[in-house]
Amino acid sequence: MLTVSVLWTLLLLAATVAVTPVLDRLMGRAACWVLAALYLAAAAALLPAAAAVMAGGAGDPATTFAVPWAPQWGVELALRADGIGIVFSMIALVIGAVVLAYSARYLPVGRNLSFSLVMALFTLSMVTLVLADDLVLLFIAWELTSIASFLLIARSGAAGQAASMRTLLITFLGGLALLSAVTLMVLRLGTTSLSEVLADGIWQQDPAFTTLVALLVAVAACTKSAQFPFHVWLPDAMAAITPVSAYLHAAAVVKAGIFLLLRFSPAFHDVPAWNVLLIVAGLITAFVGGFLALQQGDLKKLMAYSTVSQLGLIVALIGVGTEYAILAAVLHTIAHALFKSGLFMMVGVVDHAVHTRELRRMPALWRTMPGSFAVTVLGCMSMAGLPPMLGFVSKESLLTGALETGGPAWAPWAVALGIAGASVLTFAYCAKIVLGAFVDGRDEELLARVDGERAPSAPGAHDATGALVRAEDAHAPGLLFLGPAALPILVGLPLALVVGVLDTPVGRAMDAALGGEFHPHLAFWHGITPELGLTAAIIALGTLIALARERVLPALEARPFPVDGARVLTAVDRLAERVAAVLVRPIASDDPMRHLGAILLAFAAVVLGSLAVLWGDLAPLQQGMNRGIDVILLVLVTVAVIVVCTRRDRLGAAVALSAVGILATVQILALGAPDVALTQLLVESLTIIVIMLVLQRLPQRFEAPERDGAPRRSRRLGALLVAVPVGLAAGAGVFAFMGRRGRSEVAEYYIDNAEEITGGHNIVNVILVEFRALDTLGELSVLGMAGVAIVAVLSSVRHMFIDPARADEQVEAPHLREEGTSAHRAISSAWGNAAALQLMVRVVGPVLALLSLMLFLRGHNAPGGGFIAALVGSAIVALLYLSTSRDRQIGPPRLPLMLIGGGVLVALGSGVLGFLHEGFLEPLHGYLLGQHVSTSMIFDLGVYLAVLGLVMVAVNLLGAGATTGEKSGEGTRERTDEAVEGELPGPLDTTRGEPARRRRVGVGTAHLTAGTKPREAGRR
């Protein structure tokens, strides 16, 4: 394992994610330098695998790694380095390092954790994607890149909220297409191994299946690579900061789509539907992106649409699918990563210099920023395909690959002319970038009409938008700012002149994409060829457009498309809202009876209908199912339920409800299940305490006296009409379907094998923490979210509304004796009443703690375990709270949420340890001091912590402000805020629990509490 290069690369990236919060706290934006170094270290760790791949050693141990992940389904954590994986990994790591170095000067001084952490996670996901050799792992990494891109865009504030949602929508649609393709491949081929899937003969034997899967993969890739009509998300993503744009659009998200197409090219490169779809979509995208780029006045938006256009060219060549076409696609992918990342960063340099990205507001900067001007010219030359840049070589290869298109005789020239036409637009918008940003300068007459005033011309003056007016006042970039932006562009110059050094990397990528062995010979000059003639025509037509820019560009900018992608998606969203409003109108009510009634009646109909059909075929009851104690318990439970239903006061109903729970505990104990009975008893006790805490904020009676009458009777009648059939259905269903068969095969398997496999005698516990640990982990996550939800819901209500005065009912005060008497103190002061309980806690508390520890340690072999032990520990929390004479918080304010989060993380950590054996959550067994131990105890510890944290949240928050005869020092809202912020002098005046030091508009729930909808950030 220590020699596996691909594994070390991912481990370094995972470590980068782990240390990023610490680095950000200690170093602020300078942490990006360290992160860049870690990226380069990860690239260096991949070099042994890269060397083996370049040497043709596909089976070298450094290039592959696999451990079982879900062995029951054949899923592995499998990695494999080949030509495609190496090329895309190096792009993600090296370009990522350059972007992070640039970010160390671009970002504001201070902490930028939301940027650096998500960037690190993004890179880990991207490299995992391109090195994955398992379909399940590939899909998970694919979705993680979508989530990371969403987070990076959404962090931009109000401007990025809608854009991030549109990005998430489109990329997740692609995720669904990929999921469908992966599911079909796994079900049909019986394996999740990507290598085996691509090498299977099914792709030649079943054209219909091959076409279906190819189309699904193509659609998934087109959503990520921004192909028409899914291209609309990429310009939207310009809401993110410049380093994010440089990375997403040059090395990450869009390259993920290109990677997916190349990865599946061995199976689909000769499938007609694949060829036609990719060629047509690619060429349309190239033209649409190029035309829209010419219409943009914002430099960053122009770059975004240029990315769309360039990706269209690559996709079209992958669709051609021939040897030289794949060569061209790989080479242009490398060239695009270099010039586009550099150009995006240069946009940030210019924006920093003059405080605007609007071309018509930029002064002529070529004299005052000659270095930036030269770098931008070289970058645009490469994008336009001009010598002596690498983009020239890659564009020539695009034309050569297009001329190899199969099909009718006219197809090669049609594709080549399509690429040439899109390249004319590329030349034109490259000229617009250079001339508009550095040469033409500001059009003061036009801007005076737009702004309504002429901009001042004094030194240091700004116009109405804040843009600098004079080029002499531009802020010249420092070397540490300009250097990283210039580096990828400058590399393209010598690389073009010695392009032969890319023969082997490109050749190995061709091997992986076409399933053969290829030895390309790249060269800067190929003589006089048809491709060179097309290049000359491209330059000539592009030059004409550039020379006529004063007439052509204003005409294009003045006539934008009336409909853009954002408007289309907004219209679809509004249509969906209107349709949803119509569909939910029959159940649009806050009354729970309307919702629960329909569900429960449907349940009753299904169960009773099934019984009517199956009654004659039911098996007889097993022997010994009916006992005398069952009848007694049935009668008692029935009486208790009737009391719950008929009591008018909440306290009496709660007491009767607790009786139902206790009787159920007796029933479970009588059946011989001490584990379950103990759990039920403890849960019942804690639940009643929580119910009592909630009751103090509710009226004493269920309905106020003035509501008595016909409406109340009709409501009770409706409830009765629902309750009777549901009760009959539940009772009849249990009678009919339970107790009529012996133990199932699964139960027999557990009884026969659980002790041998796990070393534990307590079958119930080992089922929960070993055999079905994944189910328990899901339940643990839900339990943890319940605690978080309590805090979130309470923090959404302002202090003035969360603890209102109880004016809904008048309670007659008791007649007390005069002050100073024992009787008066017993009622008015809680201290005397709590003294006995406090004394008991001093004795019982340590006993319960020892009992909790004992139950935890013995859970594998006897009744106990993490959940039961946690409930006993929680009983200490409840007793401590009940023994206080006035409301006070149990434990430090932040402790409950830390216990919940820590518990879930501990449980997940125990699952990760399973990878040392066979897979996630697979327990490891051993002996310590002669005693059998298992990592499932660590899992149990996570359960213990999370349950204890949940109970503390419930007691601390729901019990806040309890009426104990003395005025409480803290209200519910203050206690809720302290659970997140720590000790506070009072409640926060917010509706979403924002930290007091970072006040922002509560756009989510303020209108629910204040009655008026707040003004949202970024809107008028």
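Only this structure's heavy atoms are used, side chains among them; waters, hydrogens and symmetry mates stay out.
- In terms of heavy atoms, Leu897 sits closest to Val791 at CD2-CG2, 4.0 Å.
- When all heavy atoms of Ile900 and Gly784 are compared, the closest pair comes out as CG2-CA, 3.5 Å.
- Across Ala654 and Ile688, no two heavy atoms sit closer than the pair O-CD1, 3.8 Å.
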Side chain to side chain contact (heavy atoms under 4.5 Å, CB included) between Gln700 and Asp649, intermediate numbers included: CA-CA 6 Å; Gln700 291 187 1; Asp649 61 300; 5.7 Å; no
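- Side chains of Met840 and Leu879 form a contact here, defined as non-hydrogen atoms less than 4.5 Å apart.
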Verdict with supporting geometry, Asn753 and Phe771, side chain to side chain contact (heavy atoms under 4.5 Å, CB included): CA-CA 11 Å; Asn753 300 282; Phe771 289 107; 5.8 Å; no
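- Within a 6.0 Å sphere centred on CE of Met738, heavy atoms belonging to other residues, nucleotides or ligands number 12 at most.
- With sequence neighbours left out, the side-chain hydrogen bond (donor to acceptor under 3.5 Å, both in side chains) criterion links Asn861 to no other residue.
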Distance-only criterion, 3.5 Å: show the donor-acceptor pairs between side-chain atoms of residues 629-646 and protein atoms not counting sequence neighbours.
{"unit_1": "Asp630", "atom_1": "OD1", "unit_2": "Gln667", "atom_2": "NE2", "d": "3.2"}
{"unit_1": "Asp630", "atom_1": "OD2", "unit_2": "Arg627", "atom_2": "N", "d": "3.2"}
{"unit_1": "Thr638", "atom_1": "OG1", "unit_2": "Leu634", "atom_2": "O", "d": "2.7"}
{"unit_1": "Thr646", "atom_1": "OG1", "unit_2": "Ile642", "atom_2": "O", "d": "2.8"}
{"unit_1": "Thr646", "atom_1": "OG1", "unit_2": "Val643", "atom_2": "O", "d": "3.4"}

Stepwise side chain to side chain contact (heavy atoms under 4.5 Å, CB included) test for Ile691 and Leu657: CA-CA 10 Å; Ile691 289 176; Leu657 183 63; 4.3 Å; yes
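- Sorted pairs that involve residues 752-769 and meet salt bridge (Lys or Arg N to Asp or Glu O under 4.0 Å), not counting sequence neighbours, are lacking altogether.
- Rounded to the nearest 0.5 Å, atoms CG (Asp775) and CD1 (Ile767) are 11.5 Å apart.
- Atoms CG and CG, on Leu871 and Leu855 in that order, are 10.0 Å from each other to the nearest 0.5 Å.
- The nearest pair of heavy atoms linking Ile689 to Ala878 is CD1-CB, 3.5 Å.
- Rounding to the nearest 0.5 angstrom, the gap separating the CG atom in Leu774 from the CG atom in Leu780 is 11.5 Å.
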Distance-only donor-acceptor pairs under 3.5 Å for side chains of residues 936-944, two or more places apart:
{"unit_1": "Ser936", "atom_1": "OG", "unit_2": "Glu770", "atom_2": "OE2", "d": "3.2"}
{"unit_1": "Ser936", "atom_1": "OG", "unit_2": "Ser934", "atom_2": "OG", "d": "3.0"}
{"unit_1": "Asp940", "atom_1": "OD1", "unit_2": "Gly866", "atom_2": "N", "d": "3.2"}
{"unit_1": "Asp940", "atom_1": "OD2", "unit_2": "Gly866", "atom_2": "N", "d": "3.3"}
{"unit_1": "Tyr944", "atom_1": "OH", "unit_2": "Ser852", "atom_2": "OG", "d": "2.8"}

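- Closest approach of Asn765 and Gly865 over heavy atoms only: ND2-CA, 3.5 Å.
- Here the side chains of Leu682 and Phe867 are not in contact, with every heavy-atom distance at 4.5 Å or above.
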What pairs of donor and acceptor atoms, side-chain ones from residues 948-956 against any protein atom, are under 3.5 angstrom apart with sequence neighbours left out?
{"unit_1": "Asn956", "atom_1": "OD1", "unit_2": "Ile890", "atom_2": "N", "d": "2.9"}
{"unit_1": "Asn956", "atom_1": "ND2", "unit_2": "Ile890", "atom_2": "O", "d": "3.2"}
{"unit_1": "Asn956", "atom_1": "ND2", "unit_2": "Met952", "atom_2": "O", "d": "3.3"}

From CA spacing to verdict: side chain to side chain contact (heavy atoms under 4.5 Å, CB included), Leu728, Val724: CA-CA 6 Å; Leu728 289 174; Val724 169; 4.0 Å; yes
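- For residues 680-692, the set of pairs meeting the side-chain hydrogen bond (donor to acceptor under 3.5 Å, both in side chains) definition, not counting sequence neighbours, is empty.
- Taking CZ from Arg650 and CE from Met692, the interatomic distance works out to 13.0 Å, rounded to the nearest 0.5 Å.
- Once rounded to the nearest 0.5 Å, the distance linking OG1 of Thr679 with CD1 of Ile668 reads 9.0 Å.
- When every heavy atom of Gly845 is checked against every heavy atom of Ile876, the shortest pair comes out as O-CD1, 3.7 Å.
- Of the inter-residue distances, the one linking Leu848 atom CG with Leu851 atom CG reads 6.5 Å to the nearest 0.5 angstrom.
- Looking only at side-chain heavy atoms (C-beta outward), Val904 and Leu908 come within less than 4.5 Å of each other.
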